[in-house]
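Hydrogens, waters and symmetry mates play no part in the numbers below; they use all other heavy atoms, side chains included. Letters A, B, ... mirror the listed sequences (proteins, then strands); counts begin at 1.
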There are 2 protein chains.
Amino acid sequence: MIFSRKTDYGLRALMYLAERRARGPVTLSEIAEKLMIPKAFLSKILQQLAKKGVVRSLKGPSGGFVLAVEPSEVTLQEILTEIDGPTRVFECFATESDCTLYGDCLMREVFSEVEDQIGSVLSRYTLADFRYSEKQADSTASKA
Amino acid sequence: MIFSRKTDYGLRALMYLAERRARGPVTLSEIAEKLMIPKAFLSKILQQLAKKGVVRSLKGPSGGFVLAVEPSEVTLQEILTEIDGPTRVFECFATESDCTLYGDCLMREVFSEVEDQIGSVLSRYTLADFRYSEKQADSTASKA
DNA sequence: CGAAAAGCGGACCTCAATGGTCCTATTCAG
DNA sequence: CTGAATAGGACCATTGAGGTCCGCTTTTCG
Ligand code: FES
Ligand code: FES
């Protein structure tokens, strides 16, 4: 799996925060419960995102987390990189003299091409493209 | 790292075999030494590739491994898949009701788009594009 | 035939990363 | 001051990657 569970959690949490942005800080507990993410673990992820400036955290009563950026201004690429670090595609373990062309091996180019393609897809989407729609009206849906 | 060390080893071994194709079976020991790959480990990889029909293995004295396919007929995509299994990009751990659009979430589409892009790059190259050039003339190189 | 030279394949080991927990300290509203 | 919240460090468990070992089988050749 290229992207970890941590990424999944973080991404969904951010989606959730994007939705509540206007309504002030959301507590860790709320997010964890709604999204069914282990609270302590989510805490770590959010702390990490707070340090990177993606979310802001407020302590004390009526504290919680708020999205600190415009949803439409932050790309998937950026978010994923901030949570998981850069996506490493391939590491060649050959010694120089074993590599086909020594420093100019086609393989390196292929894999850097792969990396670029990944980045290019992920850069085309921003947080704003993903909305946490509450599935409002308790799901029995249609009419009433 | 998306592609494992195993993949690296396997890929390089195949490059090596592609080069020697005409000269009959190459022993595990030779490949392992030349490419500086742990012998026992390489053995496993080659066994795996033998089962998939990419290489053919001959037992007994004067046995070894031979490439069983036309280098230009097998894509990187196929090789990597055979060694590492399909490239899994993202697994969503949300429950259905937590997923933004329930079964039709944009996230799924983005990540499947990523997967396609990777596949498309890797499918453009075949084993024939990668040649193990022996770095003949012992490297002190230039004039002399 | 029988020994040596290969590969086969299953059991096993090790280590680092992932995923996750816990507990204490800090901060702040009321 | 007290209680509700995050911060953050220490810790733990599971998993998978990477790798080793060794006995078994097949095949060639003298
Ligand atoms: S053989 Fe590794 S990059 Fe060329
Ligand atoms: S929230 Fe996971 S795929 Fe939509």
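- Taking side-chain N and O atoms only, B:Ser62 has no distance below 4.0 Å to OP1 or OP2 of C:dA6.
- Computed from coordinates, the B:Glu30 CD to C:dA5 P distance equals 16 Å when rounded to whole Å.
- Considering every non-hydrogen atom in both A:Arg12 and A:Leu35, the closest pair reads NH2-O, 2.6 Å.
- Protein chain B contacts DNA chain D over a range whose 5' and 3' limits, counting nucleotides with an atom under 4.0 angstrom from a non-hydrogen atom, are D:dG18 to D:dT28.
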**Request:** Would you please test A:Arg20 and A:Tyr16 for side chain to side chain donor-acceptor pair (under 3.5 Å) and show each step?
**Result:** CA-CA 7 Å; A:Arg20 316 273 143 148; A:Tyr16 191 85; 3.2 Å; yes

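- A side chain to side chain contact (heavy atoms under 4.5 Å, CB included) with B:Val69 is found for one member of B:Val55, B:Val74, B:Ile79 and no other, namely B:Val74.
- Computed from coordinates, the A:Glu91 CD to C:dA17 P distance equals 12 Å when rounded to whole Å.
- The NZ atom of A:Lys39 sits 10.0 Å away from the CG atom of A:Leu42 when rounded to the nearest 0.5 Å.
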**Item:** Test log, rule side chain to side chain donor-acceptor pair (under 3.5 Å), inputs A:Ser43 and A:Gln47
**Value:** CA-CA 6 Å; A:Ser43 168; A:Gln47 274 174 46; 3.1 Å; yes

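- Here the closest non-hydrogen pair linking A:Ala13 and A:Leu46 is CB-CD1, 4.4 Å.
- Side-chain contact between B:Phe3 and B:Thr87 is present, with heavy atoms from C-beta onward closer than 4.5 Å.
- In this model, the phosphate group of C:dA6 is not approached by any side-chain N or O of B:Ser29 to a distance below 4.0 Å at OP1 or OP2.
- DNA chain D is contacted by A:Lys44, A:Gln47, A:Lys51 of residues 38-55 of chain A, taking any non-hydrogen atom closer than 4.0 Å.
- Taking atom CZ of A:Arg56 as the reference point, atom P of C:dT27 lies 18 Å away to the nearest angstrom.
- Following chains of ILVMFWY side-chain contacts shorter than 4.5 Å, one can reach B:Met107 starting from A:Tyr125, so the two form part of one hydrophobic cluster.
- At whole-Å resolution of the value, CG in A:Asp8 and P in C:dG19 are 10 Å apart.
- Screening B:Leu67, B:Leu76, B:Val54 for a side chain to side chain contact (heavy atoms under 4.5 Å, CB included) with B:Leu127, the sole residue that qualifies is B:Leu67.
- In this structure, A:Lys59 places its NZ atom 19 Å from C1' of C:dG30, rounding to the nearest Å.
- Comparing B:Gly60 and A:Tyr9 against DNA chain C, the residue whose closest nucleotide sits nearer the 5' end is B:Gly60.
- Residues A:Arg5 and B:Leu58 both approach DNA chain C. Their nearest nucleotides, taken by heavy-atom distance, put B:Leu58 toward the 5′ side.
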